[in-house]
Amino acid sequence: MSIEPTTLSKQIIDDYFRSMDVLKVVRATAYPRATETMDDIIEMVDGLVQRGMAYESNGSVYFSVRKAKEYGKLSGQTLDQMVAGARIDPGEDKRDPMDFAVWKAAKPGEISWTSPWGEGRPGWHIECSAMCLKHLGKTIDIHGGGTDLVFPHHENEILQSEAYNDAQFVRYWMHNGMLTIDEEKMSKSLKNFFLIDAVLAKYSPQVVRFFILNANYRHPLEYDSSSLDDSKKALETLQNSYDEMKAHAILADGRDDAGRLCEDVWCDFETKMDDDFNSRDAIAVMYDFAREANRLRNEGSLSMKGADRVVGVFDRFDSLFDVLVSESQLNLVKEGAAQALNEAEINRMLSQDHIPDGDVERLVGARQDARKRRDFATADNIRNSLAEKGVDIQDTQEGTVWKRK
RNA sequence: GCCGGGGUGACAGAGAGGCCAUGUGGCGGACUGCAGAUCCGCAGACAGGAGUUCAAAUCUCCUUCCCGGCUCCA
């Protein structure tokens with residue numbers, strides 16, 4: 001069974017965007033494709049040949065690594081060490097075993113494009129150089145990619161681009177560590193991978209994002225479900241604080257407007273993020289912030305304005321991390337709302353498949369009434385039954401809060 | 001073999017000379033009818049060995065283990 005390369009790549013691209021959208025990954029400005037950059041690629045290959053940095057051989061074009069001034073400046077590799085290594089198999093068409101293809105002659109049946117050197121296709125690396133030049137110019141500020149691409153891919157991109165442009169190619173390299181399973185890189189060939197869908201079946205996009213943001217992007221991140229569970233619980237701490245502040249579930253309208261706290265936290269947060277995107281430390285700052293805000297709230301010293309300000313900080317944090325907002329809203333039923341309902345009415349409401357918000361509020365009020373009468377059997381029955389219908393309730397000093405799971 | 005990056009408390013994971021990481025879990029306390037949430041407190045760590053320094057998880061050297069890369073393909 002065969003499938004057209006273009007059909008396959010379209011499927012994969014569609015899947016990719018679908019997953020990224022679910023994970024709330026913001027779209028880039030442009031998504032260039034090698035197949036749409038073919039003219040620029042050929043022009044670059046030709047330019048390299050004209051400059052004597054590359055040569056044609058049997059319909060392929062190879063880059064002359066020996067002519068490069070700064071071979072290995074990214075990876076620390078040197079040509080002589082490489083040649084001494086055991087795994088290099090000199091291709092017959094190459095003048096030097098370390099030379100790499102910038103254009104490959106087509107083999108029969110392969111997808112190909114017409115070029116000055118005959119039918120062929122781009123070598124690996126060259127499309128990145130060409131697309132960078134076309135869309136971003138000779139020098140780009142940041143180039144990302146996995147650590148597994150440092151050598152040879154990024155190294156060769158530098159060689160090609162700098163030879164062609166006579167300009168520094170990249171100012172900052174950001175190499176992300178691999179996602180690992182049992183300490184090994186997740187990869188298709190090792191078959192130790194799983195699909196995002198499988199993860200999302202069990203964890204919300206927010207939890208997955210939070211899990212990833214809990215590690216330094218440069219280091220490998222070990223995937224296992226207990227770590228996701230940890231992330232879930234840890235994230236709830238932040239979400240709880242956010243939800244309660246948002247619901248104005250504060251004990252009293254105190255004096256503290258949290259002005260200083262909110263200024264300091266943002267300053268600390270930015271300092272951490274400015275340090276090579278240290279999201280882990282930035283999150284630690286948010287825990288301290290949430291704890292302090294909760295403490296002010298518990299003491300009754302936080303003002304309504306302060307609660308709003310705290311919410312503002314959480315909002316700002318979330319405009320970057322996008323992990324806080326949960327589908328369900330937290331609702332507060334103040335203590336004074338206690339209202340008696342007769343048993344039949346309670347049972348009728350509880351027996352509904354979906355309990356409307358208004359009925360939930362009344363049931364919570366009825367439970368408060370029952371608790372006052374120390375009729376804990378009724379109170380617990382309401383709580384348990386609501387839980388079965390997906391409504392969680394919690395008693396606080398301010399009243400009872402409830403939300404749908 | 002060579003080039004990179006690492007080995008941090010039960011677990012996850014920051015930090016890169018002196019000061020507390022943080023989270024989950026554990027233990028104790030406050031609150032509570034109970035549950036949960038929240039707050040307060042406690043325990044517990046820097047792979048091993050030498051060195052530099054008044055001071056090292058952080059710098060140097062050695063040893064050891066792990067991961068990524070080193071033909072083609074992306």
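Letters go in sequence order (proteins before strands), and every chain restarts at 1. Both backbone and side-chain heavy atoms feed into the values below; hydrogens, waters and symmetry mates do not.
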Practice task
Sort out the partner of B/rU60 for me: Watson-Crick or G-U wobble, both distances under 3.5 Å, none otherwise.
Solution key: B/rA50
Problem - Identity of whatever pairs with B/rC39 - Watson-Crick or G-U, under 3.5 angstrom - result: B/rG29
Fill in the blank from the handout: Closest to the 5' end of RNA chain B, once A/Glu127 and A/Tyr223 are matched to their nearest nucleotides, is A/Tyr223
Exercise for the section: For the pair A/Arg218 and A/Asp276, find out whether any cationic side-chain nitrogen is under 4.0 Å from an anionic carboxylate oxygen. Expected result: yes
Handout entry: N-O pairing of A/Arg95 and A/Asp99 below 4.0 Å
Key = no
Handout entry: Atom-pair distance (CG on A/Asn156; P on B/rA74), nearest Å
Key = 13 Å
Handout entry: Any A/Arg280 side-chain N or O less than 4.0 Å from OP1/OP2 of B/rA12
Key = no
Handout entry: Length of the line joining A/Arg383:CZ and B/rA37:P, which is rounded to integer Å
Key = 12 Å
Practice task
Compare side-chain N and O positions of A/Asn278 against OP1 and OP2 of B/rG15 and report whether any pair is under 4.0 Å apart.
Solution key: yes
Handout entry: A/Glu70 to A/Leu159 - nearest heavy-atom pair and separation
Key = O-CD2, 4.3 Å
Handout entry: Short side-chain N/O contact to B/rG15 OP1/OP2 from A/Lys272, under 4.0 Å
Key = no
Practice task
In whole angstrom, give the distance that lies between atom CZ of A/Phe100 and atom P of B/rC70.
Solution key: 15 Å
Handout entry: Note: A/Glu263-A/Arg260 ion pair, threshold 4.0 Å (strictly below)
Key = no
Handout entry: Below 4.0 Å: OP1/OP2 of B/rG25 and any side-chain N or O of A/Ser226
Key = no
Handout entry: Rounded interatomic separation in angstrom, taking NE2 from A/His219 and P from B/rC67
Key = 17 Å
Handout entry: Phosphate OP1/OP2 of B/rC67 contacted by A/Arg218 side-chain N/O (<4.0 Å)
Key = no
Practice task
Identify whether any heavy atom of A/Arg121 sits under 4.0 Å from a base atom; if not, whether one sits that close to sugar-phosphate; answer base, sugar-phosphate or nothing.
Solution key: sugar-phosphate
Exercise for the section: Quote, to the nearest angstrom, the C1' distance that separates B/rA37 from B/rG18. Expected result: 39 Å
Practice task
Would you indicate, yes or no, if B/rG25 has its OP1 or OP2 atom less than 4.0 angstrom from a side-chain nitrogen or oxygen of A/Lys233?
Solution key: yes
Completion exercise
Here the distance between atom P of B/rG69 and atom NE2 of A/His125, to the nearest Å, is 15 Å
Exercise for the section: Compare side-chain N and O positions of A/Asn214 against OP1 and OP2 of B/rG13 and report whether any pair is under 4.0 Å apart. Expected result: no
Problem - Test: A/Arg280 cationic atom under 6.0 Å from A/Tyr217 six-membered ring centre, within 45° of axis - result: no
Handout entry: N or O in side chain of A/Lys94 less than 4.0 angstrom from B/rC72 OP1/OP2
Key = yes
Exercise for the section: With RNA chain B as reference, determine whether A/Asp230 or A/Asn240 sits nearer its 5' end, using the nearest nucleotide of each. Expected result: A/Asp230
Practice task
Provide, to the nearest angstrom, the distance between the CG atom belonging to A/Asp276 and the C1' atom belonging to B/rG13.
Solution key: 16 Å
